[in-house]
2 protein chains.
Amino acid sequence: MKAHTIAIVEDHILLSQAIASLVDSFKDFNVLYTCKNGKELLTKLKTPSNIPDIILMDVNMPILNGIETTEIVKNEYPEVKVIALSVEENDTTIIKMLKAGAKGYLLKDVEKDILELALLETVKHGYYHTKDVSNILINSLNSDDSGKIQLKDREIEFIIHTCSEMTYKEIAEKMFLSPKTIDGYRDNLFQKLHVKNRIGLVLYAIKNGIYKI
Amino acid sequence: MKAHTIAIVEDHILLSQAIASLVDSFKDFNVLYTCKNGKELLTKLKTPSNIPDIILMDVNMPILNGIETTEIVKNEYPEVKVIALSVEENDTTIIKMLKAGAKGYLLKDVEKDILELALLETVKHGYYHTKDVSNILINSLNSDDSGKIQLKDREIEFIIHTCSEMTYKEIAEKMFLSPKTIDGYRDNLFQKLHVKNRIGLVLYAIKNGIYKI
DNA sequence: TTAAAAAAGGGGAAAAACACCCCTTAAATA
DNA sequence: TATTTAAGGGGTGTTTTTCCCCTTTTTTAA
């Protein structure tokens with residue numbers, strides 16, 4: 001009998017089933033089920049026999065994304081370990097995911113042996129990180145904290161409007177502010193985000209998931 | 001003995017190995033090898049024993065992408081059938097891939113049974129398409145052809161510069177053109193792509209893979 | 001609790017972007 | 001051969017953006 005059970009959460013069904021096939025080929029692991037998003041997972045988990053040892057979780061999903069789902073799982077099923085699985089190399093996403101309670105973070109371009117190792121280490125020690133991810137973590141901690149640029153809600157609102165091909169005048173109307181105040185938002189953000197113009201703002205927003213295309 | 005050999009071309013190793021595991025579980029198929037990009041595939045193919053019946057090819061890859069690779073494979077190894085495998089639902093990409101010579105196009109959110117069916121049908125009839133892709137094809141043919149917006153090389157160059165936070169003056173210098181010509185490019189593109197300003201241009205470029213972030 | 005910082009508002013002016021006219025020349029194509 | 005299309009450029013505006021400067025109020029921190 002195989003020792004440990006795995007659930008897979010991934011929105012692309014073929015990938016989900018392919019990873020399931022791979023995990024099933026590992027000696028000590030057994031895929032309990034796969035699901036398409038966080039919402040589906042949470043429904044499944046309500047049945048006690050559906051609680052796996054480890055959840056392999058994609059980060060970018062519609063309906064309920066990996067970060068939100070991981071947070072809920074950590075609170076309601078603290079004994080279940082979540083390993084994030086993502087193509088995303090974005091530092092902030094990784095940190096968000098780990099903060100949400102993920103015990104590991106694997107990039108989709110690792111070897112299958114690393115996946116197996118990660119699963120083994122996670123059942124044995126409770127966590128596993130590849131060197132890449134560890135380095136990102138160390139950097140993020142060493143970067144004297146101030147590293148994280150914190151945007152205010154109102155600023156994010158402004159950025160989203162900027163990404164929507166609106167002029168500042170239009171944004172001012174939409175946000176019930178004077179065009180001059182909007183000027184201030186923009187000037188601040190240019191400095192804060194080290195960009196030269198609106199284009200830079202849009203690129204920053206897309207890169208950091210503020211604006212989705 | 002399994003009847004048909006498959007090669008997998010996909011830049012994310014874990015996915016590549018996962019799909020390999022899945023394909024190996026199919027009764028009539030056998031994965032010959034996997035590779036990380038088009039260049040690696042072309043090197044492999046030089047050894048006659050490495051020529052598979054079907055190549056499962058990712059579309060978005062670094063080094064040599066799916067479209068370019070498929071074109072080369074079609075010309076040099078016409079007996080090999082290429083099936084595209086992609087998360088991309090972008091119509092133009094699909095059409096480009098099929099034009100390049102792909103015998104099928106699967107989205108990564110199909111069921112594994114569909115993948116098996118696609119492989120079977122491809123060896124039997126030479127091609128396979130899911131309904132989704134067929135519909136896209138039909139639409140693209142019915143849309144009185146004019147549907148496809150064709151960008152010129154010089155226009156694409158201009159768009160990429162625009163995405164790089166450059167002013168039009170800077171772009172003009174970079175492209176050895178008068179600022180007035182650049183004005184013309186911009187005005188033309190605004191009309192052609194139905195956008196209001198530079199932001200729209202940037203969004204279009206990112207959506208259509210012209211500019212990668 | 002007071003000083004400092006941040007948020008929210010704005011003015012003026014220069015630079016850039018945008019819009020809409022126009023033109024020539026060469027190449028492709030009908 | 002005539003006509004269209006691609007490629008390059010000009011002129012003249014208006015609007016928007018950008019970059020300085022400023023005040024007042026509200027938070028935050030010492």
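Numbered from 1 within each chain, the chains take letters A, B, ... in sequence-line order. These numbers come from a predicted model, not from an experiment.
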Inset, instruction - Mind checking B/Arg198 for me? I need base, sugar-phosphate or nothing, with any heavy atom below 4.0 Å counting as a touch. - result: sugar-phosphate

Inset, instruction - Sugar-phosphate atoms are those with a prime plus P, OP1 and OP2; base atoms are the rest. Using that split, label each nucleotide of nucleotides 20-26 of chain D B, S or - for protein heavy atoms under 4.0 Å, 5' to 3'. - result: B------

Please list, one pair per line, the donor and acceptor atoms closer than 3.5 Å that link side chains of residues 70-80 of chain B to other protein atoms, with sequence neighbours excluded.
from: B/Thr70; atom 1: OG1; to: B/Gly66; atom 2: O; distance (Å): 2.6
from: B/Asn75; atom 1: ND2; to: B/Glu71; atom 2: O; distance (Å): 3.2

Inset, instruction - For B/Leu120, enumerate each residue passing the side-chain contact (heavy atoms from CB on, under 4.5 Å) test, keeping only those at least two apart in sequence or located in another chain. - result: B/Asp28, B/Phe29, B/Glu116

Inset, instruction - Using whole Å, report how far CG of B/Asn188 lies from P of C/dC18. - result: 14 Å

I'd like a table of atom pairs between the protein and nucleotides 25-28 of chain C - only N or O on both sides, under 3.5 Å - with the distance next to each one.
none

Inset, instruction - Return the set of residues passing side-chain hydrogen bond (donor to acceptor under 3.5 Å, both in side chains) with A/Gln17 (not counting sequence neighbours), or none when no residue passes. - result: B/Glu111

Legend entry - salt bridge (charged side-chain N to carboxylate O under 4.0 Å, His left out) involving B/Asp183 - partner list, sequence neighbours excluded: B/Lys180, B/Arg186

Inset, instruction - For A/His161, check side-chain hydrogen bond (donor to acceptor under 3.5 Å, both in side chains) against everything at least two apart and list the hits. - result: none

Below 3.5 Å, can you tabulate the donor-acceptor pairs from side chains in residues 38-48 of chain B to any protein atom, sequence neighbours excluded?
from: B/Glu40; atom 1: OE2; to: B/Lys36; atom 2: N; distance (Å): 3.4
from: B/Thr43; atom 1: OG1; to: B/Lys39; atom 2: O; distance (Å): 3.0

Inset, instruction - Quick one: list whatever passes side-chain hydrogen bond (donor to acceptor under 3.5 Å, both in side chains) with A/Glu173, sequence neighbours left out. - result: none

Inset, instruction - Check DNA chain D against residues 160-168 of chain B and give the residues with a non-hydrogen atom under 4.0 Å, in numerical order. - result: none

Legend entry - Residues that B/Lys196 engages under salt bridge (charged side-chain N to carboxylate O under 4.0 Å, His left out), provided they are two or more places apart: A/Glu170

Legend entry - Base versus backbone protein contacts along nucleotides 4-9 of chain D [heavy-atom cut-off under 4.0 Å; B, S, -]: --SSSB

